[in-house]
Amino acid sequence: MSIDEGALLSWFDTHGRDLPWREPECTAWGVLVSEIMLQQTPVARVRPIWLAWMARWPRPSDLAASSQGEVVRAWGKLGYPRRALRLHAAATAIAAEHGDLVPSDVDTLLALPGIGAYTARAVTAFAYGRRAPVVDINVRRVVARAVHGSGEAGPASTTRDLADVEAFLPAEDGRAARFSAALMELGALVCTARTPRCADCPVYGDCAWQRAGRPAYAGPVKQVQRFAGTDRQVRGLLLDVLRGTEGPVDRAALDLVWPQAGQRDRCLDSLLVDGLLEQTGDGRFALPGEH
DNA sequence: AATGCGTGGTA
DNA sequence: TTACCAAGCAT
């Protein structure tokens with residue numbers, strides 16, 4: 001079983017979103033920045049930050065010339081701010097080792113910080129129009145349904161997931177890249193996790209899940225991570241204090257954000273270990289490089 | 001392989 | 001309101 005390329009691409013032409021990182025004039029650096037920002041963060045929240053980011057740092061070397069603190073501040077509340085540090089590190093490596101040009105081959109991209117199996121292939125495909133299986137949660141869900149007839153994707157397995165898509169990816173570079181973008185878009189707009197819009201689906205007629213009578217998902221239930229009360233929440237509150245001020249703050253200001261001293265201290269320490277915060281000579285705390 | 005890592009919109 | 005969900009990565 002496969003996916004009808006013509007039907008999918010025709011649908012993509014009509015219904016694909018106009019996103020700034022899909023514009024023909026968007027650079028490979030712009031594509032890379034978008035892919036990092038979009039890791040676990042919705043398009044609507046990424047768009048304004050991406051626009052500001054690209055206006056301020058149009059090339060990797062521009063970002064590399066800024067401090068980590070400025071980059072973390074510009075990241076704002078996109079979440080998972082370690083991504084901002086990794087992007088800064090990747091930009092530094094690209095500027096220093098790759099002539100300020102984002103690499104185009106998967107293995108070179110994989111060697112950069114913050115770039116994994118998905119992002120490396122997304123950059124290869126979307127920035128350079130090369131053939132590479134691009135597998136994110138949207139693609140895994142579409143494949144699970146349309147190809148395997150399962151209600152949702154099981155646990156991720158890079159090797160298996162890549163092989164799944166490799167099997168039906170068009171052979172030619174440009175067509176493969178466009179096919180991948182369309183497959184992701186279908187998962188994002190139509191073949192959604194909670195309430196799929198099957199009536200609007202361009203591959204409805206070939207969908208294995210439909211043909212099987214839309215059986216309920218029988219695989220392992222994936223645990224939804226709690227947030228309230230976790231270290232993630234406390235780290236976010238601590239970092240938000242620094243984002244909201246210019247210079248270093250003293251400990252008392254950070255003590256206000258969370259009542260439990262033990263957890264607070266643990267989170268503060270982990271932020272220092274991660275390099276998201278630094279301690280000044282007089283014992284205060286600052287974003288990295290901002291003191 | 002399972003877990004930790006932010007944040008906010010939606011049903 | 002709570003629970004789910006969002007273009008993953010590193011360890």
Side-chain angles (χ1 to χ4, degrees), chain A residues 16-17 19-22 30-50 72 75-87 89-90 109-127 132-143 152-162 165 177 180-189 191-197 217 220-243 257-258 263 266-267 270-271 273-276:
Chain A
R17 293 166 291 182
L19 300 173
W21 45 87
R22 285 182 180 164
V31 172
L32 173 58
V33 171
S34 79
E35 294 300 342
I36 301 288
M37 289 182 173
L38 287 163
Q39 292 168 1
Q40 302 282 281
T41 302
V43 166
R45 284 169 52 202
V46 165
R47 192 195 306 246
I49 304 291
W50 183 91
V72 169
W75 192 257
K77 307 198 80 169
L78 287 182
Y80 296 137
R82 294 185 299 184
R83 288 183 293 166
L85 292 182
R86 291 178 184 142
L87 182 52
L109 286 161
L110 282 173
L112 295 169
I115 298 184
Y118 163 76
T119 303
R121 290 171 179 82
V123 169
T124 291
F126 304 147
V134 180
V135 187
D136 73 334
I137 183 58
N138 290 305
V139 171
R140 297 203 312 110
R141 187 172 54 249
V142 172
V143 171
E152 51 187 276
S157 159
T158 300
T159 305
R160 178 162 41 75
D161 296 339
L162 289 176
V165 173
S180 291
L183 209 51
M184 286 179 59
E185 193 76 337
L186 186 67
L189 299 183
C191 195
T192 55
R194 269 185 279 198
T195 312
R197 299 165 174 80
Y217 177 66
V221 176
K222 47 179 174 285
Q223 294 301 104
V224 177
Q225 293 184 340
R226 292 283 84 79
F227 179 65
T230 62
D231 286 3
R232 278 202 334 272
Q233 181 184 19
V234 178
R235 284 165 55 103
L237 291 171
L238 290 169
L239 205 55
D240 205 33
V241 173
L242 275 299
R243 274 189 228 112
V257 306
W258 195 254
Q263 186 179 22
R266 179 175 71 240
C267 290
S270 74
L271 287 169
V273 168
D274 287 347
L276 284 164

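Note that these values count all heavy atoms, side chains included, but never hydrogens, waters or copies made by symmetry. Lettering of chains follows the sequences in order, A, B, ..., and the numbering in each one begins at 1. Just so it is clear, the structure is predicted and the values come from calculations on it, not from any experiment.
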Participant: Using a heavy-atom cut-off of under 4.0 Å over every strand shown, decide if A:Thr195 touches base, sugar-phosphate, or nothing.
Facilitator: nothing
Participant: Tell me, do A:Val33 and A:Trp50 make a side-chain contact under 4.5 Å, heavy atoms counted?
Facilitator: yes
Participant: So what does A:Gly79 touch, heavy atoms closer than 4.0 Å: a base, only the sugar-phosphate, or nothing?
Facilitator: base
Participant: Take the protein atom CD of A:Glu152 and the nucleotide atom C1' of C:dA6, then report the distance between them rounded to whole Å.
Facilitator: 15 Å
Participant: Go through it in stages, so that I can follow the logic: the residues are A:Thr158 and A:Arg160, the test is side-chain contact (heavy atoms from CB on, under 4.5 Å), and I'd like the CA-CA distance, side-chain angles, deciding distance and then a yes or no.
Facilitator: CA-CA 6 Å; A:Thr158 300; A:Arg160 178 162 41 75; over 6 Å; no
Participant: With nearest nucleotides of DNA chain C determined for A:Ile115 and A:Arg22 from heavy-atom distances, which residue corresponds to the more 5′ nucleotide?
Facilitator: A:Arg22
Participant: Report the C-alpha distance between A:Val135 and A:Tyr118 in whole Å, list the side-chain angles of each, state the deciding distance to 0.1 Å, and finish with yes or no for side-chain contact (heavy atoms from CB on, under 4.5 Å).
Facilitator: CA-CA 6 Å; A:Val135 187; A:Tyr118 163 76; 5.9 Å; no
Participant: Regarding A:Pro155, tell me which of base, sugar-phosphate or nothing describes its non-hydrogen contacts under 4.0 Å with the strands shown.
Facilitator: nothing
Participant: Can you measure A:Leu239 atom CG to B:dC5 atom C1' for me and round it to whole angstrom units?
Facilitator: 12 Å
Participant: Students often get this wrong, so: under 4.0 angstrom with heavy atoms, is A:Trp75 touching a base, only sugar-phosphate, or nothing?
Facilitator: nothing
Participant: Taking the same atom, P, in C:dA7 and in B:dT10, what whole-Å distance lies between them?
Facilitator: 14 Å
Participant: Scan A:Ala122 against the nucleic acid and name what it touches under 4.0 Å (heavy atoms): base, sugar-phosphate only, or nothing.
Facilitator: nothing
Participant: Roughly, in whole Å, what's the span from NZ in A:Lys77 to C1' in B:dC5?
Facilitator: 16 Å
Participant: Does any N or O donor sit under 3.5 Å from an N or O acceptor when you compare the side chain of A:Gln225 with the base of B:dG4?
Facilitator: yes
Participant: Starting at CD of A:Glu35 and ending at P of C:dG8, how long is that distance when rounded to a whole Å?
Facilitator: 9 Å
Participant: Measure distances between side-chain N and O atoms of A:Gln40 and base N and O atoms of C:dC9, and say whether any donor-acceptor pair falls under 3.5 Å.
Facilitator: no
Participant: Looking at every strand, decide which applies to A:Arg121 at a 4.0 Å heavy-atom threshold: base, sugar-phosphate, or nothing.
Facilitator: nothing
Participant: Mind checking if A:Ile137 touches a base, just sugar-phosphate, or nothing, with heavy atoms under 4.0 Å?
Facilitator: sugar-phosphate
Participant: Return the value, rounded to whole Å, for the distance between atom CD1 of A:Ile36 and atom C1' of C:dA10.
Facilitator: 13 Å
Participant: Before giving the answer on side-chain contact (heavy atoms from CB on, under 4.5 Å), spell out for A:Arg232 and A:Tyr80 the whole-Å C-alpha distance, their side-chain angles and the decisive distance to 0.1 Å.
Facilitator: CA-CA 9 Å; A:Arg232 278 202 334 272; A:Tyr80 296 137; 4.1 Å; yes
Participant: Quick check: do A:Glu35 and A:Ile115 have side-chain heavy atoms less than 4.5 Å from each other?
Facilitator: no
Participant: By the definition side chain to side chain contact (heavy atoms under 4.5 Å, CB included), identify the one residue from A:Val123, A:Thr119, A:Val46 that meets it with A:Ile36.
Facilitator: A:Thr119
Participant: At under 4.0 Å between heavy atoms, what does A:Leu87 touch on the DNA or RNA strands: base, sugar-phosphate, or nothing?
Facilitator: nothing
Participant: Can you list the steps and then say if A:Arg243 with A:Trp75 is a side-chain contact (heavy atoms from CB on, under 4.5 Å)?
Facilitator: CA-CA 10 Å; A:Arg243 274 189 228 112; A:Trp75 192 257; over 6 Å; no
Participant: Side chain of A:Arg194, heavy atoms from C-beta onward: which of C:dA7, C:dA10, B:dG9 has the nearest atom to it?
Facilitator: B:dG9
Participant: With DNA chain C as reference, determine whether A:Ala120 or A:Lys222 sits nearer its 5' end, using the nearest nucleotide of each.
Facilitator: A:Lys222
Participant: Taking the side chain as every heavy atom from C-beta outward, state whether A:Asp240 and A:Lys77 have any pair of such atoms under 4.5 Å apart.
Facilitator: yes
Participant: If you only use heavy atoms from C-beta on, which nucleotide in B:dT7, B:dG6, C:dA6 is closest to the side chain of A:Arg243?
Facilitator: B:dT7
Participant: Counting only side-chain heavy atoms from C-beta out, which of C:dA7, C:dC5, C:dA10 sits nearest to A:Val43?
Facilitator: C:dA7
Participant: Measure the distance from CD1 on A:Ile49 to P on C:dA6 and round it to the nearest whole Å.
Facilitator: 21 Å
Participant: Taking the side chain as everything from C-beta on, heavy atoms only, tell me whether A:Leu87 gets closer than 4.5 Å to A:Arg83.
Facilitator: no
Participant: Select one nucleotide: of C:dA6, C:dC9, B:dC5, the one nearest the side-chain heavy atoms of A:Tyr118.
Facilitator: C:dC9
Participant: Could you measure between the two P atoms, the one in C:dT11 and the one in B:dG6, and give it in whole Å?
Facilitator: 14 Å
Participant: Please report, rounded to the nearest Å, how far the C1' atom of C:dC9 is from the CG atom of A:Leu78.
Facilitator: 16 Å
Participant: Compare the minimum distances between each of C:dA6, C:dA7, C:dC9 and the side chain of A:Asn138, then state the nucleotide with the smallest one.
Facilitator: C:dA7
Participant: Using the C1' atom in both, what is the distance from B:dA1 to C:dG8, to the nearest Å?
Facilitator: 16 Å
Participant: Measure the distance from CD on A:Glu185 to C1' on C:dA6 and round it to the nearest whole Å.
Facilitator: 14 Å
Participant: Under 4.0 Å, counting only non-hydrogen atoms across every strand here, what does A:Ala44 touch: a base, just sugar-phosphate, or nothing?
Facilitator: nothing
Participant: Using a 4.0 Å cut-off on heavy atoms, which residues in residues 226-236 of chain A reach DNA chain C? List them by number, or say none.
Facilitator: A:Arg226
Participant: For C:dA7, does either OP1 or OP2 sit under 4.0 Å from a side-chain N or O belonging to A:Arg83?
Facilitator: no
